[in-house]
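Residue numbering restarts at 1 for every chain, and letters A, B, ... go by the order of the sequence lines.
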2 protein chains.
Amino acid sequence: MSGWVKIAGLGPGDAALVTPEVSDALAEATDVVGYIPYVARVAERAGLTLHASDNRVEIDRSQHALQMAAEGKRVVVVSSGDPGVFAMASAVFEAVENGPENWRDLEISVLPGITAMLAASARAGAPLGHDFCTINLSDNLKPWGLIERRLRLAAQADFAMAFYNPRSKSRPEGFVKTLEILREECEPGRLILFARAVSTPDEVLNISTLAEATPEMADMRTIVIVGSSRTRIIERQGSPILYTPRFTPE
Amino acid sequence: MSGWVKIAGLGPGDAALVTPEVSDALAEATDVVGYIPYVARVAERAGLTLHASDNRVEIDRSQHALQMAAEGKRVVVVSSGDPGVFAMASAVFEAVENGPENWRDLEISVLPGITAMLAASARAGAPLGHDFCTINLSDNLKPWGLIERRLRLAAQADFAMAFYNPRSKSRPEGFVKTLEILREECEPGRLILFARAVSTPDEVLNISTLAEATPEMADMRTIVIVGSSRTRIIERQGSPILYTPRFTPE
């Protein structure tokens with residue numbers, strides 16, 4: 001029996017947002033690897049071995065998955081959200097590129113999932129309904145100067161922006177600087193969504209403005225969406241609707 | 001019985017990419033509205049009325065959905081991909097904002113789906129594995145000058161870029177200009193993915209470079225993904241892997 005690696009997105013948390021393609025892959029797998037809280041979302045069953053590992057060991061985990069597939073195992077690498085957005089897909093391909101030649105000819109596929117920014121956008125309305133950009137605010141793997149340059153150019157392009165990993169305990173100053181940069185580039189009334197733990201029991205949505213936003217509104221479970229200059233709010237009973245219209249005038 | 005509107009994403013085409021949340025909404029609906037080819041993807045059943053309409057009548061369709069919900073119907077508005085990415089969610093909220101007051105208090109929700117760029121990225125590898133932007137190249141609803149400005153700033157920010165609606169029969173010149181702008185801003189070897197009709201029987205993937213890309217490589221069923229300067233290719237037997245590594249050096 002020949003092995004494979006499927007790099008699968010579990011979506012933001014709710015089981016109703018896991019695609020049938022991913023559920024089928026999990027049903028066929030012999031082994032699941034991933035970060036501890038994501039592996040915890042996979043149901044145990046006979047014939048399936050769960051390999052949970054800590055954060056920041058993405059390359060070790062990838063090599064483990066590829067090695068098991070080379071030995072004939074059917075391995076699902078699980079990510080939260082979509083595996084292609086700041087998640088395990090790039091890590092696995094880095095391991096393939098730098099690994100033994102025979103890993104290149106393994107059957108490897110990526111199974112998309114509902115990524116956190118689109119789940120967050122859906123819960124709030126449609127703030128990403130027009131052109132937007134997606135930035136990982138962690139400077140773990142890239143220089144802060146590049147993040148700052150991207151923030152300024154994105155603001156000048158009037159993109160809506162979605163931020164992943166806005167604020168970690170070890171580097172809380174990044175998001176402080178992000179808000180400072182955005183205040184230099186955008187008007188004070190610019191709308192910002194803080195969407196925490198979307199689709200889980202811990203979900204909290206908070207719509208604010210650049211003038212009123214504080215760094216403490218975000219943590220590592222939060223997706224931050226900054227509207228474009230065109231993003232609007234519809235007030236109503238219950239939660240307001242945040243959305244970006246399709247039309248931009250001359 | 002109180003009505004509702006659920007604006008639902010059907011994903012890129014394959015039924016295995018439709019979330020259970022969306023399938024459940026369709027199972028509970030009394031009415032489905034949408035563009036003809038998307039409504040055609042919904043199975044007929046007793047008690048469900050399908051309302052298929054042509055392209056470019058998004059506001060009429062939205063008003064129809066909201067009106068039916070106000071009358072107590074359970075209405076699913078279907079989009080391809082994700083409804084919040086260049087699809088029906090913003091159109092429905094435009095209709096809410098400009099419609100009668102009682103529409104604001106309807107139960108309206110957005111059910112995310114697998115958007116085309118993430119399905120395309122998954123099929124090719126992980127070209128959107130690092131910071132990226134998403135641009136609708138149609139100048140139907142925005143001035144061409146804004147598209148050009150966004151393209152130049154996105155290239156200067158070294159974002160990977162995903163383009164929706166790259167080329168229509170009525171305005172083929174936009175994508176010609178897009179390639180010209182990108183050739184001014186990026187190096188000739190910059191990798192480009194043309195992903196047509198992903199996850200359907202018509203799927204075709206084509207990886208090229210800025211120097212070799214031609215406008216005819218795209219049509220309205222194509223998602224175009226332009227890599228960042230860091231995007232790489234892994235050659236192997238069968239399809240190559242296109243991906244953007246997680247790490248960016250100083």
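Interface summary for chain A: among B:C133, B:A16, B:G84, B:G238, the most heavy-atom pairs under 4.5 angstrom belong to B:A16. Heavy-atom pairs under 4.5 Å with chain A peak, among B:G11, B:G129, B:A89, at B:G129. Among A:V96, A:L118, A:V92, A:I7, the residue with the largest count of heavy-atom pairs under 4.5 Å with chain B is A:L118. Between chain B and the residues A:P143, A:P245, A:A126, the largest count of heavy-atom pairs under 4.5 Å involves A:P143. Interface check for chain B: of the options A:E94, A:M161, A:R149, A:E58, the most heavy-atom pairs under 4.5 Å are formed by A:E94.
In this structure, chain B has a heavy atom under 4.5 Å from the side chain of A:L146, while its backbone stays farther away. Only the side chain of A:R232 comes within contact range of chain B, with at least one heavy atom under 4.5 Å from a heavy atom of that chain. Looking at A:D82, only its side chain comes within 4.5 Å of chain B, counting heavy atoms on both sides. Using a 4.5 Å cut-off between heavy atoms, A:A91 contacts chain B through both its backbone and its side chain. Both the backbone and the side chain of A:D158 come within contact range of chain B, each with at least one heavy atom under 4.5 Å from a heavy atom of that chain. Proximity to chain B (any heavy atom under 4.5 Å) is restricted, for A:P249, to the backbone atoms N, CA, C and O. The parts of A:V85 that come within reach of chain B are both its backbone and its side chain, each placing non-hydrogen atoms under 4.5 angstrom from that chain.
Ion pairing between a basic and an acidic side chain is recognised when a charged N comes within 4.0 Å of a carboxylate O; B:K142 and A:D131 show such pairing.
Using modelled atom types, no side-chain atom of A:R246 and backbone atom of B:M88 make a donor-acceptor pair closer than 3.5 Å. Between the side chain of A:S90 and the backbone N or O of B:T244, at least one donor-acceptor pair lies under 3.5 Å.
In this structure, A:T134 and B:F159 approach most closely via the heavy-atom pair O-CE2, 4.3 Å. Shown here for B:V110 and A:G125, the closest heavy-atom pair between the two residues is CG2-O, 3.5 Å. The heavy-atom pair separating A:L17 from B:T19 by the smallest distance is O-CG2, 4.0 Å. Closest heavy-atom contact between A:R150 and B:A157: NE-O, 2.7 Å. A pairwise comparison of heavy atoms in A:A119 and B:P112 identifies CA-CG, 4.3 Å as the closest pair.
When the shell of 6.0 Å around CD of A:E184 is examined, it contains more than 12 heavy atoms from other residues, nucleotides or ligands. Remark: B:R123 CZ is loosely packed, at most 12 non-hydrogen atoms of other residues, nucleotides or ligands lying under 6.0 Å away.
Inspection of non-hydrogen atoms places A:R104, A:D105, A:L106 of residues 98-107 of chain A under 4.5 Å from chain B.
Going from atom CD1 of A:I108 over to atom CD1 of B:I234 covers 7.5 Å, rounded to the nearest 0.5 Å. Taking CD of A:E97 as the reference point, atom CZ of B:R236 lies at 12.5 Å (rounded to 0.5 Å). The CD1 atom of A:I59 sits 12.0 Å away from atom CZ of B:F247, with the distance rounded to the nearest 0.5 Å.
Note: A:F86 and B:H130 have perpendicular aromatic rings, judged against thresholds of 30 and 60 degrees for the angle between ring planes. Classification of the B:Y243-A:F93 ring pair by plane angle, with boundaries at 30° and 60°, yields tilted.
Counting only heavy atoms from C-beta outward, the side chains of A:T248 and B:L141 never approach each other to under 4.5 Å.
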